Number of protein chains: 2
Amino acid sequence: MKSRPNTNPPGRKKIMASFSQLMATKDFQSITTAEIAGNAGVTEGLIYKYFTDKKDLLYQVLNQHFTAFQALIEERTATGKTCFEKLETIIFASLESYTQNRVFARILLLEVRNTPMYFESCAYSMVKKYAATILDIISRGIENKELKPDTDRFLLQKVILGAIEHACLKQVIFNRELDVTAASSGIINIVFYGVKNNECQ
Amino acid sequence: MKSRPNTNPPGRKKIMASFSQLMATKDFQSITTAEIAGNAGVTEGLIYKYFTDKKDLLYQVLNQHFTAFQALIEERTATGKTCFEKLETIIFASLESYTQNRVFARILLLEVRNTPMYFESCAYSMVKKYAATILDIISRGIENKELKPDTDRFLLQKVILGAIEHACLKQVIFNRELDVTAASSGIINIVFYGVKNNECQ
DNA sequence: CATAAAGGTAAGTAACACTTACTTACAAAG
DNA sequence: CTTTGTAAGTAAGTGTTACTTACCTTTATG
């Protein structure tokens, strides 16, 4: 009675790949299970051997992408020194990931949030971990006096998260190009130095 | 042959009201056309006399809410004097609307963006108008030297839009309370003055 | 080699968005 | 007062599609 190693069966991999490929050109709703199966070269029933739901398939694909993304983030932010540098790195990496992997971005920013079930999925816990990373950098920035002591950590976190999303939202939706470097340095400059003009007029 | 006035038939109104009511407790996908009709006291077929689609119904309801919202925004921003005040007003009004009208917020922030069709709807042109209002305030702020001359207007617009959204996203999703005053003044302070600590340490 | 479990298939089902063909109300024109 | 054209509303389908159930096939090991 051997407990077979948790191998990822070829059918399962094919289904996820097929689905990812379809998501590159169509939205979730208009992709049918028949289409996913046909494109993967398996039967429709097999989808439900590995995924409870069509939505579950979506979450699993998102989770797969997010796992790679989170690893990248953690690796890169380890090297940064100041709070400023770390936040710029994380913003840059986020925007870069979103623009280089439009499927990932489209799923995360446009397709999953409409279902309550998502917020109980493992994909969402990855998002929470990502958000926590940002919050942690902010907290340390306050501690070492790099940031103003009365900074609202949670609000700053939300401003940064929102800025990242909206900086690439239009580009992701309409498949346009984005200058990642300019956007990330622009965001971090606004948030750090503010936009108020202090020069004498 | 009298051209009857463009009256809004009772059936149409009942359908929109019924749908709005259902959206308060359920997500779009799990609301059925039979449910909408039953709750409205009409037959299913009538929905398709007034709306091309279930999605079209969603957009029309959103548009209705947004029209009221945009009127509010325009009325209030007229009174503000400085760029700072105007932006604070618009952020406050947005957050207030989102928290007071959760259905509107849920539709706008979570339910519509997943379909390409939305971006051709009249509801989306309202959103563009709203975003243009913010951009206009920023542009004037740069002109009259209230904002730094090298401010990236479009990026600042995105930071503000993103901040508004993320400031209330969690509250909208999980139906929690939000301190609108604290959030809006917090956002505007971060964006105007920045979070960098300039005090001598 | 028996067998148990995982990998995979094929046919079917229920639900639901949307259609079609029809009826009723009603406001003017003749 | 009748005719007529149109808008409001109904009732009974229909095709598609997500999901199920029962079944076959391969493989690995006790």
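Given the structure is predicted, the values throughout are model-derived calculations rather than measurements. All chains are named by letter (A, B, ...) in the order of the sequence lines, taking the proteins before the strands, and each is independently numbered beginning at 1. Below, all heavy atoms of this structure are taken into account, side chains as well, without hydrogens, waters or symmetry copies.
Put simply, CG on A/Leu46 is 14 Å from C1' on D/dT20, counting in whole angstrom units. Look at NZ on A/Lys13: it is 11 Å from P on C/dG8, rounded to the nearest Å. With rounding to whole Å, B/Lys14 atom NZ is found 7 Å from D/dG9 atom P. We find that CD1 of A/Ile47 is positioned 10 Å from P of D/dC19, with the value rounded to whole Å.
In summary, B/Glu146 and A/Lys196 do not engage in a salt bridge, as defined by a charged side-chain N under 4.0 Å from a carboxylate O. Here A/Glu111 does not pair with A/Lys55 in a salt bridge; the nearest charged N to carboxylate O distance is not below 4.0 Å.
Between A/Tyr50 and C/dG8 there is a side-chain N or O to OP1 or OP2 distance below 4.0 Å.
Annotation: ring-ring contact (aromatic ring centres under 6.0 Å, His included) contacts of A/Tyr48 (sequence neighbours excluded): none.
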**OP:** Might you work through the salt bridge (Lys or Arg N to Asp or Glu O under 4.0 Å) test for B/Glu199 and A/Lys148, ending with a clear yes or no?
**Re:** CA-CA 8 Å; B/Glu199 306 295 313; A/Lys148 287 177 183 167; over 6 Å; no

Subject >> Trace of the salt bridge (Lys or Arg N to Asp or Glu O under 4.0 Å) decision for A/Glu165 with A/Arg113 >> reply: CA-CA 14 Å; A/Glu165 262 189 48; A/Arg113 290 183 189 161; 2.6 Å; yes

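With C/dG8, C/dT9, D/dT10 as the candidates, the nucleotide lying closest to the side chain of A/Pro9 is C/dG8.
Across all strands, A/Phe51 comes closer than 4.0 Å to no nucleic acid atom at all (heavy-atom distances).
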**OP:** Quick one, give me the B/S/- string for nucleotides 16-21 of chain C, reading 5' to 3', where B means a protein heavy atom under 4.0 Å from the base and S means that only happens at the primed atoms, P, OP1 or OP2.
**Re:** SBBB--

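The shortest distance between side-chain heavy atoms of A/Asn63 and A/Ser121 does not fall below 4.5 Å.
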